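Only one structure is covered here, and it is reproduced in the block below.
Keep in mind that what you see is a predicted model, and the values were worked out from it rather than measured. First the proteins, then the strands, lettered A, B, ... as listed; each starts at 1.
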There are 2 protein chains.
Amino acid sequence: MTDRAGRRRDSTRRESDRRDLGAMVHPVLRLLIAVELPILAAHEVSMWGYSVLTALDDGPVRTQATLAEAIGADKTRIIGTLDELQDAGLISRTPDPNDRRARLLEITDEGRRLRRAVRAEIRAKEESLLATLTPTERTAFVRALEKLSALSPEDLPDRGLS
Amino acid sequence: MTDRAGRRRDSTRRESDRRDLGAMVHPVLRLLIAVELPILAAHEVSMWGYSVLTALDDGPVRTQATLAEAIGADKTRIIGTLDELQDAGLISRTPDPNDRRARLLEITDEGRRLRRAVRAEIRAKEESLLATLTPTERTAFVRALEKLSALSPEDLPDRGLS
DNA sequence: TATTGTTATACTCTATAACTATA
DNA sequence: TATAGTTATAGAGTATAACAATA
């Protein structure tokens with residue numbers, strides 16, 4: 001029924017025959033990045049830059065550290081990105097009058113325009129990816145991603161092994 | 001109906017309200033890595049090492065470059081990994097008698113044991129992730145990953161924009 | 001001359017800690 | 001003394017090109 005490598009020789013198929021999730025998610029992410037990079041480059045914005053604009057399009061943020069955590073980055077890592085975005089007039093970064101240590105971060109109208117233009121192009125590309133799925137698969141896939149991306153390692157119970 | 005940031009204020013929900021796929025897939029991959037790393041460390045094998053063992057458990061490979069491409073790596077990048085695996089007795093690496101430039105790569109019995117033990121632990125952890133999904137979502141999610149991970153950028157047609 | 005594997009180099013990303021300015 | 005932001009440094013990961021052995 002199965003050969004030496006453990007693959008099934010008959011036509012049956014079990015979910016446990018699948019590859020590890022990581023072995024499938026990794027190439028998918030690479031594919032998404034390959035699709036997005038040319039679009040971002042055409043608009044002269046980096047991946048982190050787009051990520052910052054996306055976060056700020058949901059509303060202003062009071063400190064850089066808060067913003068960094070929201071996009072899964074480090075506070076030291078986004079400084080260069082914020083410099084670029086500010087120089088390009090895509091965000092404003094002003095000291096909070098009530099606490100001059102903090103920087104009030106806000107997207108500008110032009111930043112919003114840029115972010116939404118980029119998103120529209122990315123969505124168009126994503127459409128051609130999702131078009132390879134059936135409607136059922138597509139809906140469930142997106143829903144599953146929303147659920148799983150909200151989990152953190154601490155949410156996982158131990159289940160015997162490991 | 002929607003506020004300034006474009007979010008819907010009523011209870012309706014559209015798929016287009018979702019985040020970009022990359023913004024969801026990235027944290028999922030990070031979660032999977034966070035789950036796998038402790039398991040791999042306990043067995044003293046690296047991520048690339050496990051990836052190599054997994055590929056070779058499907059059958060031997062005649063050249064290192066072929067193996068590298070199969071796991072989405074560079075031929076120069078896996079050399080250190082192959083050295084470690086060989087030193088640990090997990091793979092064999094012998095010059096092909098017919099073409100002594102090539103190295104015949106094969107997993108050893110111990111390598112196979114290790115790989116399958118690691119996989120079992122990873123699968124157990126993945127179970128607790130997938131348990132957050134409904135059965136329908138789970139099946140479709142895995143099927144969608146299988147489809148999407150098989151795509152390459154060239155498979156994508158241009159669709160107007162970008 | 002072409003191919004396989006290896007080594008060397010530089011470049012990017014990231015993590016850590018030290019520093020400043022404000023509180 | 002503690003916090004927000006910045007800078008500096010070192011480390012890991014990766015990409016590129018040059019090299020040795022074999023064909």
In whole angstrom, what separates [X]'s [atom1] from [N]'s [atom2]?
X         : N       : atom1 : atom2 : value
Ile78(A)  : dA4(D)  : CD1   : P     : 13 Å
Glu69(A)  : dA4(D)  : CD    : C1'   : 15 Å
Ile79(A)  : dA17(C) : CD1   : C1'   : 14 Å
Glu84(B)  : dT6(C)  : CD    : C1'   : 16 Å
Leu105(A) : dA4(D)  : CG    : C1'   : 11 Å
Leu104(B) : dG5(C)  : CG    : C1'   : 15 Å

Listed partners of Phe141(B) passing ring pair (Phe, Tyr, Trp, His ring centres under 6.0 Å), at least two apart: Phe141(A)

Could you pick out which residue, Arg93(B) or Arg103(A), lies toward the 5' side of DNA chain C when each is mapped onto its nearest nucleotide? Arg93(B)

If you count heavy atoms of other groups shown closer than 6.0 angstrom to CD of Glu146(A), is the number above 12? yes

Polar side chain donor-acceptor pair, Thr54(A) to Asp57(A), under 3.5 angstrom: no

How would you list, by chain and number, every residue that makes a side chain to side chain donor-acceptor pair (under 3.5 Å) with Arg18(B), sequence neighbours excluded? Glu126(A), Glu15(B)

Before accepting this row, confirm whether a basic side-chain N of the pair Glu137(B)/Lys147(A) lies closer than 4.0 Å to the acidic partner's carboxylate O. yes

Contacts of type salt bridge (Lys or Arg N to Asp or Glu O under 4.0 Å), residue Arg77(B), not counting sequence neighbours: none

Axis-to-axis angle across the helix from dT1(C)-dA23(D) to dA23(C)-dT1(D), five pairs each end, nearest 10 degrees, ~ 20°

Protein-proximity profile, nucleotides 12-23 of chain D, B/S/- by nucleotide at the 4.0 Å heavy-atom cutoff, equals --SSBB----BS

Salt bridge (Lys or Arg N to Asp or Glu O under 4.0 Å) partners of residues 91-100 of chain A, not counting sequence neighbours, each pair once: Arg62(A)-Asp96(A), Asp83(A)-Arg93(A), Asp99(A)-Arg101(A)

With respect to Ser51(B), which candidate in Thr81(B), Ile71(B), Ile78(B) satisfies the side-chain contact (heavy atoms from CB on, under 4.5 Å) definition? Ile71(B)

